[in-house]
Chemist: 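Following this message is one structure expressed as C-alpha coordinates.
Along the sequence shown, the residues carry numbers beginning at 1. In this text the structure is predicted, and so the values were computed from the model without any measurement.
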Amino acid sequence: MLTPITALWAAILGLLSLALAARVVQGRVSENVIFGDGSSVVMQQRIRVHANFTEYVPIALVLLLLLELNSESSLMINLLGGSLVVARLLHAFGLSTNTGTTPGRFVGTVLTWLVILVESVLLLYFRLAV
(Lines give C-alpha, C1' and ligand atoms only; values in the text may rest on other atoms or scores of the structure.)
Protein backbone atom coordinates (compact mmCIF):
# COMPACT_ATOMS: atom_id res chain seq x y z
CA MET A 1 0.00 0.00 0.00
CA LEU A 2 1.35 3.42 -0.93
CA THR A 3 1.63 6.17 1.65
CA PRO A 4 2.29 9.29 -0.41
CA ILE A 5 1.27 11.81 2.26
CA THR A 6 3.55 10.42 4.95
CA ALA A 7 6.31 10.12 2.34
CA LEU A 8 6.00 13.84 1.58
CA TRP A 9 6.27 14.90 5.23
CA ALA A 10 9.06 12.38 5.91
CA ALA A 11 11.04 13.80 2.97
CA ILE A 12 10.62 17.39 4.20
CA LEU A 13 11.61 16.37 7.73
CA GLY A 14 14.55 14.38 6.34
CA LEU A 15 15.85 17.52 4.67
CA LEU A 16 15.40 19.48 7.88
CA SER A 17 17.31 16.77 9.78
CA LEU A 18 20.21 17.09 7.33
CA ALA A 19 20.19 20.89 7.68
CA LEU A 20 20.38 20.58 11.47
CA ALA A 21 23.17 17.99 11.21
CA ALA A 22 25.07 20.28 8.83
CA ARG A 23 24.85 23.06 11.43
CA VAL A 24 26.50 20.73 13.94
CA VAL A 25 29.30 19.93 11.49
CA GLN A 26 29.75 23.62 10.63
CA GLY A 27 29.95 24.36 14.37
CA ARG A 28 32.58 21.66 14.82
CA VAL A 29 34.71 23.35 12.17
CA SER A 30 34.23 26.92 13.42
CA GLU A 31 34.61 25.96 17.11
CA ASN A 32 37.44 23.48 16.40
CA VAL A 33 35.63 20.67 18.23
CA ILE A 34 36.25 17.15 16.94
CA PHE A 35 34.23 15.19 19.53
CA GLY A 36 31.53 16.14 22.01
CA ASP A 37 30.70 19.78 22.60
CA GLY A 38 34.12 21.06 23.67
CA SER A 39 32.34 23.02 26.44
CA SER A 40 31.16 25.38 23.70
CA VAL A 41 27.70 26.87 24.18
CA VAL A 42 27.34 27.11 20.39
CA MET A 43 28.06 23.39 20.05
CA GLN A 44 25.79 22.49 22.96
CA GLN A 45 22.90 24.37 21.34
CA ARG A 46 23.44 22.90 17.89
CA ILE A 47 23.84 19.36 19.23
CA ARG A 48 20.69 19.67 21.35
CA VAL A 49 18.64 21.11 18.48
CA HIS A 50 19.58 18.14 16.29
CA ALA A 51 19.24 15.61 19.13
CA ASN A 52 15.83 16.89 20.15
CA PHE A 53 14.69 16.60 16.54
CA THR A 54 15.88 12.98 16.38
CA GLU A 55 14.19 12.20 19.71
CA TYR A 56 10.70 13.26 18.63
CA VAL A 57 10.38 13.09 14.85
CA PRO A 58 10.75 9.32 14.35
CA ILE A 59 7.83 8.40 16.64
CA ALA A 60 5.69 11.17 15.17
CA LEU A 61 6.39 9.88 11.64
CA VAL A 62 5.68 6.26 12.60
CA LEU A 63 2.35 7.32 14.10
CA LEU A 64 1.57 9.39 11.00
CA LEU A 65 2.34 6.40 8.78
CA LEU A 66 0.07 4.17 10.86
CA LEU A 67 -2.72 6.70 10.53
CA GLU A 68 -2.32 6.77 6.78
CA LEU A 69 -2.27 2.96 6.65
CA ASN A 70 -5.46 2.94 8.73
CA SER A 71 -7.18 5.22 6.20
CA GLU A 72 -7.30 8.40 8.25
CA SER A 73 -8.41 11.38 6.17
CA SER A 74 -5.84 13.01 3.92
CA LEU A 75 -6.69 16.37 5.44
CA MET A 76 -5.91 15.14 8.97
CA ILE A 77 -2.65 13.52 7.91
CA ASN A 78 -1.55 16.69 6.12
CA LEU A 79 -2.54 18.85 9.10
CA LEU A 80 -0.52 16.66 11.45
CA GLY A 81 2.47 16.44 9.11
CA GLY A 82 2.48 20.17 8.43
CA SER A 83 2.08 20.93 12.12
CA LEU A 84 5.04 18.71 12.92
CA VAL A 85 7.23 20.54 10.39
CA VAL A 86 6.18 23.93 11.80
CA ALA A 87 6.74 22.69 15.36
CA ARG A 88 10.24 21.44 14.64
CA LEU A 89 11.20 24.64 12.79
CA LEU A 90 9.94 26.77 15.69
CA HIS A 91 11.81 24.65 18.19
CA ALA A 92 15.04 24.71 16.16
CA PHE A 93 14.95 28.50 15.74
CA GLY A 94 13.98 29.04 19.35
CA LEU A 95 16.73 26.88 20.85
CA SER A 96 19.29 28.15 18.34
CA THR A 97 18.84 31.73 19.50
CA ASN A 98 18.90 31.19 23.26
CA THR A 99 19.55 28.32 25.68
CA GLY A 100 16.65 29.45 27.87
CA THR A 101 12.95 29.31 27.19
CA THR A 102 11.98 31.20 24.05
CA PRO A 103 8.55 31.49 22.44
CA GLY A 104 9.70 29.36 19.49
CA ARG A 105 11.16 26.67 21.69
CA PHE A 106 8.08 26.58 23.93
CA VAL A 107 5.50 26.58 21.12
CA GLY A 108 7.56 24.11 19.09
CA THR A 109 7.71 21.69 22.02
CA VAL A 110 4.02 21.98 22.86
CA LEU A 111 3.00 21.62 19.21
CA THR A 112 5.22 18.55 18.77
CA TRP A 113 3.69 16.93 21.86
CA LEU A 114 0.21 17.85 20.64
CA VAL A 115 0.85 16.21 17.25
CA ILE A 116 2.04 13.01 18.94
CA LEU A 117 -0.91 13.09 21.35
CA VAL A 118 -3.48 13.51 18.56
CA GLU A 119 -1.85 10.79 16.47
CA SER A 120 -1.83 8.41 19.43
CA VAL A 121 -5.43 9.12 20.41
CA LEU A 122 -6.63 8.65 16.82
CA LEU A 123 -4.82 5.30 16.59
CA LEU A 124 -6.28 4.17 19.92
CA TYR A 125 -9.70 5.20 18.69
CA PHE A 126 -9.23 3.09 15.54
CA ARG A 127 -8.23 0.10 17.67
CA LEU A 128 -11.10 0.46 20.11
CA ALA A 129 -13.65 1.10 17.38
CA VAL A 130 -12.82 -2.16 15.58
Chemist: With sequence neighbours left out, what residues match N78 under side chain to side chain donor-acceptor pair (under 3.5 Å)?
Modeler: W9
Chemist: Considering residues at least two apart in sequence or located in another chain, which fulfil the side-chain contact (heavy atoms from CB on, under 4.5 Å) criterion with S120?
Modeler: L63, I116
Chemist: Report the residues that fulfil side-chain contact (heavy atoms from CB on, under 4.5 Å) with P103, sequence neighbours left out, ordered by chain and then residue number.
Modeler: none
Chemist: What's the separation between atom CG in L114 and atom OG1 in T109, rounded to the nearest 0.5 Å?
Modeler: 12.5 Å
Chemist: Would you find more than 12 non-hydrogen atoms of other residues, nucleotides or ligands less than 6.0 Å from L15 atom CG?
Modeler: yes
Chemist: Got a sec, which residues hit side chain to side chain donor-acceptor pair (under 3.5 Å) with R23, two or more places apart in sequence or on another chain?
Modeler: S96
Chemist: Would you call R28 and R46 a side-chain contact if the rule is heavy atoms closer than 4.5 Å?
Modeler: no
Chemist: Which distance, rounded to the nearest 0.5 Å, do you find between the CG of L65 and the OG1 of T3?
Modeler: 5.0 Å
Chemist: Tell me which donor-acceptor pairs under 3.5 Å the side chains of residues 79-94 have, and how far apart each pair is, sequence neighbours excluded?
Modeler:
unit_1: S83; atom_1: OG; unit_2: L79; atom_2: O; d: 2.7
unit_1: R88; atom_1: NH1; unit_2: T112; atom_2: OG1; d: 2.8
unit_1: R88; atom_1: NH2; unit_2: N52; atom_2: OD1; d: 2.3
unit_1: R88; atom_1: NH2; unit_2: H91; atom_2: ND1; d: 3.4

Chemist: Assess the residue pair E119 and L66 against the criterion (side chain to side chain contact (heavy atoms under 4.5 Å, CB included)); give the C-alpha distance rounded to whole Å, side-chain angles, the decisive distance to 0.1 Å, and a yes or no.
Modeler: CA-CA 9 Å; E119 291 171 334; L66 291 170; over 6 Å; no
Chemist: Excluding sequence neighbours, so at least two apart, what forms salt bridge (charged side-chain N to carboxylate O under 4.0 Å, His left out) with E31?
Modeler: none
Chemist: Among all residues two or more places apart in sequence or in another chain, which pass the side-chain contact (heavy atoms from CB on, under 4.5 Å) test with Q45?
Modeler: V41, T99
Chemist: Can you hop from L64 to L122 via hydrophobic side chains spaced under 4.5 Å?
Modeler: yes
Chemist: Sequence neighbours excluded and cut-off under 3.5 Å, please list the side-chain donor-acceptor pairs for residues 55-62, or say none.
Modeler:
unit_1: E55; atom_1: OE1; unit_2: R48; atom_2: NH2; d: 3.2
unit_1: E55; atom_1: OE2; unit_2: R48; atom_2: NH1; d: 3.3
unit_1: E55; atom_1: OE2; unit_2: R48; atom_2: NH2; d: 3.2
unit_1: Y56; atom_1: OH; unit_2: W113; atom_2: NE1; d: 3.2

Chemist: Quick one: does E68's side chain have a donor or acceptor within less than 3.5 Å of a partner on I5's backbone?
Modeler: yes
Chemist: Name all residues meeting the side-chain contact (heavy atoms from CB on, under 4.5 Å) criterion together with S17; count only those two or more places apart in sequence or in a different chain, and write none if there are none.
Modeler: H50, F53
Chemist: Contact between M76 and L67 at the side-chain level, heavy atoms closer than 4.5 Å - yes or no?
Modeler: no
Chemist: Treating Ile, Leu, Val, Met, Phe, Trp and Tyr as nodes and any side-chain heavy-atom pair under 4.5 angstrom as an edge, say whether V24 and L18 lie in one connected cluster.
Modeler: no
Chemist: Look at the side chain of N70 and the backbone N and O of E72, then say whether any donor-acceptor pair between them is shorter than 3.5 Å.
Modeler: no
